[in-house]
Amino acid sequence: VPFFHNDGWEEGSFVAKPKGHKVAGKESFGLDIYSFDKYVVFAPTTAPLSTIQAGVEDVSRWQDWDPSVVEEKVDQLEKTIRAFGGSAADAPIFVAELQGGWFNQYKHHCTYDDIYTYYGEDYTRLIFDCMLSQGISMLSYYMFFGGTNWGTLGDPDVYTSYDYSACIREWGFLSGRARKLRLGIMFTRSFADVLTRTDFVQHSETLKVTPSNAFNRRRVSAGKNKVEFNFFRNFSRDKLPSVAVQVKYNNNWIDLKCEIPYKRSMITLGNYTTTTNIHLVMATCPIHVRSIVSVNGTNTEVWYIESDDLVSGEFLFSTPVILNETKSNLNPSIRKVSNGSGTVLSFGGSNGWCSVSAGLKNPALLMVAISNDDIYTLTATFEESYWGTGSARRVSHLPASVGWGSFDIQHELLENVVRIESRPKDVGTYLMLSSGETSIPEGFVKVPVEDLYHGLPGLLFRPNSKPEIPKPVTISNMETRVTNFSKLPWIPLPLKFNSRTTPSLDTIDLGFTSGHSLYRLQFPTPNSKSPIAIKIDVRHRALVYFNDELLGGHTTYSHLMFRPGVKNGPDPFPGWTSYSLPSELLSKSRHVLNSIVIIVESWGFSRMAYWLNDARNPRGLLAVKCSSSEVTDSLKWETSGVDVRTLSNPFSVTGFPDEFELKNWSATEPQVSAGTIVFKSRNGLPTWYRAKISVVRKAGVRVPLRVQMTGPGDAQIFISEIYIGRFYGNGDTPQRDFNIPEGLLGKWDEEKVFELDVKLLVYGVSKEHWVGIEIKP
């Protein structure tokens with residue numbers, strides 16, 4: 001297994017040098033493969049310099065990302081890496097961490113959907129193509145599947161959702177960005193025999209593209225075939241979708257049509273010969289995948305192309321070709337060029353198929369056009385070598401089957417079962433079996449005569465049944481209780497030496513690192529009638545109660561360096577917030593102590609590797625100052641919480657010691673308003689609720705469920721004892737939807753009624769605070 005690391009960017013760290021090479025008098029050390037991270041475009045709120053200067057919070061003021069940023073950061077990668085010398089001079093180029101989206105933070109108003117929209121559906125595919133154009137042959141995405149910071153697993157950088165606007169969204173949805181990227185991955189896989197190793201070549205003598213910044217690079221496969229890969233990337237500053245392409249062939253310049261939207265990329269073929277000896281000079285239309293089918297006993301290539309109102313182009317062949325068969329609205333046409341020795345094939349429509357050959361008796365090249373919405377569903381199934389044991393199927397870079405037409409198509413080759421997820425608009429599923437695949441999966445039949453793809457050799461069809469949307473969720477058996485501060489297990493909290501304001505222990509010392517820690521300061525009513533106020537410094541959120549009455553709350557948090565509550569780096573300046581203690585709430589007897597309860601919630605620790613390491617900053621209640629010296633002198637400091645060192649999962653609790661209290665629950669009727677179930681904080685105190693929800697799951701219908709939160713209050717949310725999220729109605733995070741783990745609902749091909757336990761802890765900075773929940777698809 002080769003050793004590698006990931007450079008923060010292309011710096012040349014740990015490149016293996018020849019034996020005897022020294023740095024600063026010492027023999028240098030290098031790893032087997034040099035690799036690095038590559039993040040290209042940053043979201044406006046969280047660019048690297050946003051720790052110094054605040055980012056743009058207002059989404060309506062976000063400017064489109066600039067193509068020149070991609071050109072600057074990507075277009076010299078190959079040259080830079082090779083210049084490091086040593087093993088980097090000729091080893092495979094490896095991007096160990098390639099940008100797959102971007103994160104969001106506390107206190108930002110934008111959502112992950114906003115970030116997804118900012119980058120656009122084509123961004124990840126575009127960066128993928130840029131990497132290939134630089135000769136990069138290995139890469140790994142961060143993140144490819146958006147995640148969830150269950151419970152208190154997150155840190156001050158990110159809240160419950162770690163969706164990352166990734167290709168696969170947090171709830172398991174294969175996004176349009178993933179589907180665009182999948183087209184690129186299928187292309188590289190099905191042409192792996194000629195694409196695995198390529199060399200950069202100049203193209204100016206044989207190819208002209210206008211505008212010039214609509215074309216990126218050309219690479220040629222190593223070996224004798226010299227297949228050309230043309231990397232189009234429309235960075236036209238005029239944002240024009242039409243690209244003028246001229247190809248030099250037989251000393252003549254041939255005009256080829258090319259349509260590609262602004263900020264979109266594609267890879268086209270050139271100098272390629274099919275299995276049936278049809279030679280392609282150049283294409284300006286993308287071939288997303290190729291496969292092999294048997295036509296009258298002859299292995300024949302199938303190209304799956306896109307030709308619609310967004311992406312279209314033409315195919316220049318070196319020999320005259322003719323149309324053998326055609327079906328659909330594809331409207332193919334042929335024109336001869338270069339003294340009749342070449343042929344250009346173009347299409348006037350968008351869906352269907354056609355067959356071309358160099359003569360009536362020659363085997364054909366099949367071209368299948370899939371466009372618009374269906375291109376998102378195009379899926380090729382490849383047989384991986386490690387599944388090949390005991391299988392009669394061949395192991396190849398070519399797919400065993402290609403499918404389209406339904407939202408998700410999974411062909412399980414060993415069982416020969418096709419699992420399909422469909423939308424109401426998906427009429428049916430097409431499946432093209434490759435040569436050698438003779439067993440027809442259950443439910444598939446010949447394509448209907450009236451279908452646009454009828455007659456295409458090897459193609460099968462399965463009609464889809466209309467999915468039924470699940471019925472609304474019902475709730476029952478609701479109970480509630482209120483946290484009783486006086487009953488919590490308080491322990492003394494010592495102060496620092498010679499200090500009357502600062503505890504000597506923080507949450508790390510106490511083990512109170514999951515969520516909340518609670519503090520109680522008790523004192524007798526002072527003799528002085530002067531107003532009493534306290535100032536507190538906490539990290540990160542606080543609620544303050546005086547004799548069981550809510551005074552309010554606040555958040556101490558900052559994205560900027562050296563500010564109170566800074567998410568990264570030293571926190572040298574206290575973030576004092578003042579609260580007045582109402583005189584009417586003071587105890588009337590000096591024998592009954594007054595009680596200040598401060599609930600502090602930590603957003604975790606930012607585990608950075610440098611001096612920016614936020615874990616060096618204390619958590620919990622950092623300091624308290626009181627305007628009355630008489631009160632200060634008599635304060636009795638105590639704390640309470642949950643020591644996570646006693647738990648198997650240190651991120652699974654709210655930190656409230658009464659979280660698992662079994663007594664003192666009382667039945668209550670759900671309050672429902674316009675479909676939303678309302679949960680109120682009773683008298684401003686932390687209030688617990690528990691209930692049961694029933695979910696009807698229909699067989700064959702996969703609909704992920706979410707808890708949608710509304711209201712000005714805050715809530716900690718549990719589903720079947722899984723801590724699924726933290727909601728802040730005051731806007732500390734923009735998150736309103738929390739995913740219910742799909743595993744709680746069983747297999748999606750089973751029909752069943754599921755009963756889930758729901759538990760909420762509700763509180764807020766106002767006595768009237770409430771939250772509302774709906775369970776939605």
Side-chain angles (χ1 to χ4, degrees), residues 125 129 132-133 183-184 186-188 190-191 194-195 198 201 203 206-209 214-221 225-234 241-250 252-261 264-291 301-308 310-321 323 330 332-338 342-350 353-358 364-371 375 378:
R125 169 65 193 277
D129 287 354
L132 293 181
S133 75
L183 297 176
M186 291 190 301
F187 173 83
T188 59
S190 63
F191 285 95
V194 288
L195 184 58
T198 61
V201 295
H203 65 273
T206 57
L207 177 66
K208 297 178 181 179
V209 178
F215 188 81
N216 183 6
R217 283 182 132 203
R218 171 178 282 176
R219 301 192 73 86
V220 174
S221 63
N225 292 329
K226 301 299 181 185
V227 177
E228 296 171 352
F229 297 94
N230 302 293
F231 292 85
F232 285 83
R233 183 183 65 188
N234 190 352
S242 297
V243 179
V245 178
Q246 289 184 304
V247 180
K248 193 171 186 179
Y249 173 62
N250 279 354
N252 293 317
W253 287 99
I254 311 301
D255 292 325
L256 295 180
K257 180 182 73 172
C258 182
E259 296 285 329
I260 177 172
R264 186 160 171 177
S265 64
M266 66 181 181
I267 310 171
T268 71
L269 276 184
N271 192 33
Y272 175 79
T273 302
T274 70
T275 57
T276 52
N277 293 317
I278 295 178
H279 180 251
L280 174 71
V281 177
M282 171 140 180
T284 57
C285 178
I287 302 169
H288 293 306
V289 66
R290 68 169 175 171
S291 67
E301 279 195 35
V302 186
W303 293 352
Y304 301 83
I305 68 170
E306 183 176 1
S307 180
D308 52 36
L310 293 177
V311 176
S312 62
E314 297 180 311
F315 298 84
L316 171 61
F317 297 99
S318 65
T319 54
V321 297
L323 290 168
L330 192 53
S333 62
I334 284 179
R335 72 177 188 271
K336 294 184 178 181
V337 297
S338 187
T343 309
V344 174
L345 173 63
S346 60
F347 302 100
S350 57
W353 69 279
C354 73
S355 164
V356 299
S357 68
L365 164 67
L366 300 176
M367 305 183 74
V368 181
I370 304 168
S371 63
I375 204 69
L378 183 62

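When reading the values below, keep in mind they use all heavy atoms of this one structure, side chains included, and skip hydrogens, waters and symmetry mates.
- Between Y249 and I254 the shortest heavy-atom distance is CB-CG1, 4.1 Å.
- Nearest approach of V209 to A214, heavy atoms of both residues: CG1-CB, 4.3 Å.
- Salt-bridge annotation for R218 and E228: present, with a side-chain N of the basic residue lying under 4.0 Å from a carboxylate O of the acidic one.
- Using a 4.5 Å heavy-atom threshold, the side chains of I334 and V321 count as touching.
- Residues K248 and L207 form no side-chain contact, since every pair of their non-hydrogen atoms from C-beta on lies 4.5 Å or further apart.
- Remark: side-chain polar atoms of T284 are paired, donor with acceptor, to backbone N or O of E314 under 3.5 angstrom.
- Rounding to the nearest 0.5 angstrom, the gap separating the CD1 atom in I370 from the CG atom in L378 is 4.5 Å.
- N271 and H279 share a side-chain donor-acceptor pair at under 3.5 Å.
- Nearest heavy-atom pair, S350 versus A369, reported as atom, atom and distance to 0.1 Å: O-CB, 3.5 Å.
- T319 places none of its side-chain heavy atoms less than 4.5 Å from the side chain of T343.
- In this structure, R290 forms a cation-pi arrangement with F191, its terminal cationic atom sitting closer than 6.0 Å to the ring centre and no more than 45° off the ring axis.
- Separation of atoms NZ (K208) and CZ (F215) is listed at 14.5 Å; rounding is to 0.5 Å.
- Between N252 and V337, every side-chain heavy-atom pair lies at or beyond the 4.5 Å cut-off.
- For the residue pair C354 and P332, the shortest heavy atom distance occurs at CB-CG, 4.1 Å.
- For the residue pair E301 and Y272, the shortest heavy atom distance occurs at OE2-OH, 2.7 Å.
- Within the 3.5 Å criterion, the main-chain N or O of S133 finds a donor-acceptor partner in the side chain of R217.
- For S291 and Y304, the side-chain atoms include at least one donor-acceptor pair closer than 3.5 Å.
- Inter-residue side-chain proximity for F229 and V220 is flagged as unmet; no heavy-atom pair is nearer than 4.5 Å.
- No donor-acceptor pair under 3.5 Å is formed between the side chain of D255 and the backbone N or O of Q246.
- No side-chain heavy atom of V281 sits under 4.5 Å from any side-chain heavy atom of F315.
- Here CG of N230 is found 11.0 Å from CG of N216. Values are rounded to the nearest 0.5 Å.
- In this structure, I287 and V289 have side chains that are not in contact, with every pair of non-hydrogen atoms separated by 4.5 Å or more.
- Taking OG1 from T188 and CD1 from I267, the interatomic distance works out to 7.5 Å, rounded to the nearest 0.5 Å.
- With 3.5 Å as the limit, one finds no donor-acceptor pair spanning the side chains of T198 and S221.
- Of the possible donor and acceptor atoms, one in the side chain of T268 sits under 3.5 Å from a partner among the backbone N and O of A283.
- Taken from CG in L256 to CG in L345, the straight-line distance is 11.0 Å, to the nearest 0.5 Å.
- A donor-acceptor pair shorter than 3.5 Å can be found between the side chains of D129 and S265.
- Here the options are T274, L366, L365, T276, the test is side chain to side chain contact (heavy atoms under 4.5 Å, CB included), and the partner is V356; only L365 passes.
- For P261, the side-chain contact (heavy atoms from CB on, under 4.5 Å) criterion is met by R264, L310, V311, not counting sequence neighbours.
- Between S242 and E259, the side chains place a donor N or O and an acceptor N or O closer than 3.5 Å (distance only, hydrogens not considered).
- Without hydrogens or angle criteria, T273 side chain to N277 main chain gives no donor-acceptor distance under 3.5 Å.
- L269 places a side-chain heavy atom less than 4.5 Å from the side chain of V227.
- Below 30°, between 30° and 60°, or above 60°: for W303 and F317 the angle between ring planes is below 30°, a parallel geometry.
- In this structure, the separation between CG on L330 and CD1 on I305 is 6.0 Å, given to the nearest 0.5 Å.
- Summarising the geometry of M266 relative to C258, their closest heavy-atom pair is CE-SG, 3.6 Å, with the distance given to 0.1 Å.
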